[in-house]
Amino acid sequence: MNEVSSRWTLQGDRLVRRDTFPDFASGLRFVNRVGDLAEAHGHHPEVELAWGRVTLRLWTHDDRAVTSLDY
């Protein structure tokens, strides 16, 4: 696993970020904000929501790899 920033890591051909939350509702609010931003930018991450955590995976689907669009 290669570190990209303090919150994102490069795992294979994906940028990955995992955040923790005190409860499910807080994670859901974060996911909704991410969804709004993804729609605005036309660039959509894979989102995994569970109690107390959210994992985002991002890559350029057309290229099947991480590109400058992902940063």
Side-chain angles (χ1 to χ4, degrees):
M1 180 177 0
N2 300 319
E3 187 165 327
V4 175
S5 77
S6 61
R7 298 189 117 179
W8 291 92
T9 57
L10 185 60
Q11 295 179 6
D13 60 352
R14 307 284 191 267
L15 286 174
V16 179
R17 173 179 168 163
R18 175 175 270 185
D19 290 281
T20 57
F21 298 89
D23 52 41
F24 187 82
S26 299
L28 181 58
R29 283 191 296 274
F30 176 74
V31 166
N32 286 329
R33 289 194 313 266
V34 167
D36 290 341
L37 287 169
E39 279 298 304
H41 291 275
H43 198 59
H44 305 92
E46 178 180 288
V47 178
E48 179 182 327
L49 170 64
W51 192 97
R53 70 178 163 80
V54 173
T55 303
L56 303 174
R57 292 177 185 85
L58 191 60
W59 69 99
T60 301
H61 302 275
D62 292 340
D63 292 340
R64 295 190 173 118
V66 173
T67 69
S68 60
L69 293 173
D70 302 303
Y71 290 94

Audit row: Asp19, Arg7, side chain to side chain contact (heavy atoms under 4.5 Å, CB included) steps and yes/no: CA-CA 8 Å; Asp19 290 281; Arg7 298 189 117 179; 3.3 Å; yes
Non-hydrogen atoms of Ser26 and Arg29 that approach each other most closely: OG-NH2, 3.2 Å
All ring pair (Phe, Tyr, Trp, His ring centres under 6.0 Å) counterparts of Phe30, not counting sequence neighbours: Phe21
Arg53: partners by salt bridge (Lys or Arg N to Asp or Glu O under 4.0 Å), with sequence neighbours left out: Glu48
Leu10 and Leu15: CA distance, side-chain angles, deciding distance, side chain to side chain contact (heavy atoms under 4.5 Å, CB included) verdict: CA-CA 5 Å; Leu10 185 60; Leu15 286 174; 4.1 Å; yes
Side chain proximity check, Leu56 to Val16, heavy atoms < 4.5 angstrom: no
Nearest atoms (heavy-atom pairs only) where Pro45 meets Val34: CG-CG1, 3.9 Å
Arg57/Gln11 under side chain to side chain contact (heavy atoms under 4.5 Å, CB included): CA gap, chis, key distance, verdict: CA-CA 9 Å; Arg57 292 177 185 85; Gln11 295 179 6; 5.5 Å; no
Rounded distance [0.5 Å steps], CZ in Arg18 versus OG1 in Thr9: 10.0 Å
Hydrophobic cluster identity match, Phe24 and Val31, side-chain contacts under 4.5 Å: yes
Minimum side-chain heavy-atom gap Glu46-Arg14 below 4.5 Å: no
Asn32 CG to Leu37 CG distance, which is reported to the nearest 0.5 Å: 11.5 Å
